[in-house]
Amino acid sequence: MKTGIIYISKHGTTEKVARIIADKLNSGKTELVNLSKEKIMNIETFDRIIIGGSIHMASVHKKTKKFCESNKSTLLKKTLGLFLCCMETGEKSIEQFENAFSEDLRRHASSTALLGYEYNLDKMNFFERILVKKISGSKESISEIDYNGIVRFVNELENQK
């Protein structure tokens, strides 16, 4: 089974999670595509598609939304996984997930997940560091990636073969 993991990663967390997912998948060839650096020629070549995004300034990257909307008819024919990296929990994180991915894609997906977050202050610009320090109350980098959630996400996808 050929899998495409399509994501955008501003500071590296979503890419890190995408790579962990790729390493845990048991079947076939996996191709990682960072939409902020690469263009996908044809998603029809993938049997399974995983889309990942992150929340910055309260919403998912507009290229992620545009990709989903532009390719919706194809995505609805494929085995689909959707994940989001965000610092929020509870109702707020669910709301962000629902805003990131349309209802029809969420319903079609074999697996969906909120997989935590990281603040890597070394990769942020001055203003981002100030904002993150104010929001998080932390003066150092934080990693709260949900590794158990990644395993559950991958297992749900693998069970859809």
Side-chain angles (χ1 to χ4, degrees), residues 1-89 91-120 123-125 127-128 131 145-146 149-161:
M1 176 177 281
K2 186 174 179 186
T3 301
I5 302 178
I6 301 160
Y7 65 93
I8 291 181
S9 189
K10 185 169 182 176
H11 297 114
T13 304
T14 306
E15 180 171 14
K16 183 178 185 177
V17 169
R19 289 188 183 283
I20 294 168
I21 291 168
D23 289 344
K24 292 193 177 304
L25 289 171
N26 293 322
S27 55
K29 182 182 177 199
T30 302
E31 186 177 326
L32 288 129
V33 180
N34 185 340
L35 284 177
S36 62
K37 298 178 182 176
E38 305 168 58
K39 213 172 198 180
I40 299 176
M41 295 305 182
N42 184 5
I43 65 169
E44 291 284 344
T45 63
F46 298 117
D47 303 302
R48 174 172 52 197
I49 298 173
I50 299 169
I51 300 172
S54 59
I55 299 296
H56 290 280
M57 306 302 274
S59 80
V60 74
H61 197 286
K62 62 185 172 188
K63 281 186 182 179
T64 303
K65 276 193 168 259
K66 185 177 180 183
F67 173 82
C68 289
E69 289 304 312
S70 299
N71 294 285
K72 187 182 288 189
S73 62
T74 303
L75 294 172
L76 290 171
K77 296 175 194 166
K78 304 285 183 176
T79 300
L80 180 65
L82 304 172
F83 75 89
L84 192 64
C85 295
C86 67
M87 69 170 273
E88 298 293 347
T89 59
E91 289 297 318
K92 185 70 173 171
S93 65
I94 293 167
E95 181 182 320
Q96 288 179 335
F97 191 87
E98 289 173 351
N99 288 333
F101 302 108
S102 67
E103 182 177 356
D104 46 355
L105 291 179
R106 293 191 319 269
R107 285 181 191 242
H108 176 72
S110 302
S111 185
T112 61
L114 293 156
L115 297 176
Y117 67 97
E118 282 186 328
Y119 293 139
N120 190 337
K123 293 185 178 182
M124 295 179 186
N125 67 38
F127 296 109
E128 289 170 329
L131 185 61
I145 292 173
D146 183 357
I150 293 171
V151 170
R152 281 190 302 275
F153 179 77
V154 169
N155 287 341
E156 287 174 359
L157 285 168
E158 292 288 19
N159 290 331
Q160 292 298 313
K161 292 181 194 176

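Model, not experiment: these values are computed from the prediction.
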Which atoms form the tightest heavy-atom contact between K63 and S36, and what is the distance?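 Shortest heavy-atom contact: NZ-CA, 4.2 Å.
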At their closest point, which heavy atom of S54 faces which heavy atom of T14, and how far apart are they? CB-OG1, 3.2 Å
Among I20, D146, L114, I50, exactly one meets side-chain contact (heavy atoms from CB on, under 4.5 Å) together with F153. Which residue is that?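 The side-chain contact (heavy atoms from CB on, under 4.5 Å) with F153 is passed solely by I50 among I20, D146, L114, I50.
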So does N99 get a backbone contact from the side chain of K65, meaning a donor-acceptor N/O pair under 3.5 Å? yes
Got a second to check how far [X]'s [atom1] is from [Y]'s [atom2], nearest 0.5 Å?
X: L25; Y: M1; atom1: CG; atom2: CE; value: 10.0 Å
X: R19; Y: K16; atom1: CZ; atom2: NZ; value: 12.5 Å
X: Y7; Y: L35; atom1: OH; atom2: CG; value: 9.0 Å
X: R48; Y: L157; atom1: CZ; atom2: CG; value: 5.5 Å
X: S110; Y: E158; atom1: OG; atom2: CD; value: 11.0 Å
X: I6; Y: L32; atom1: CD1; atom2: CG; value: 10.0 Å

R152 with E156: basic N within carboxylate O range, under 4.0 Å: no
Is any side-chain heavy atom of [X] closer than 4.5 Å to a side-chain heavy atom of [Y]?
X: I43; Y: F67; result: yes
X: F101; Y: T112; result: no
X: I21; Y: L115; result: yes
X: I51; Y: C68; result: yes

Do E103 and R107 pass the side chain to side chain contact (heavy atoms under 4.5 Å, CB included) test, and can you show the C-alpha distance, the side-chain angles, and the key distance before you say yes or no? CA-CA 6 Å; E103 182 177 356; R107 285 181 191 242; 2.4 Å; yes
For atom CD of E38, is the number of surrounding heavy atoms from other residues, nucleotides or ligands below 6.0 Å larger than 12?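 More than 12 heavy atoms, drawn from other residues, nucleotides or ligands, come within 6.0 Å of this atom.
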N/O donor-acceptor pairs under 3.5 Å from side chains in residues 72-85, not counting sequence neighbours:
from : atom 1 : to   : atom 2 : distance (Å)
K72  : NZ     : E69  : OE1    : 3.3
K72  : NZ     : D104 : OD1    : 3.3
K72  : NZ     : D104 : OD2    : 3.3
T74  : OG1    : E44  : OE2    : 3.2
K78  : NZ     : E44  : O      : 3.0
K78  : NZ     : F46  : O      : 2.6

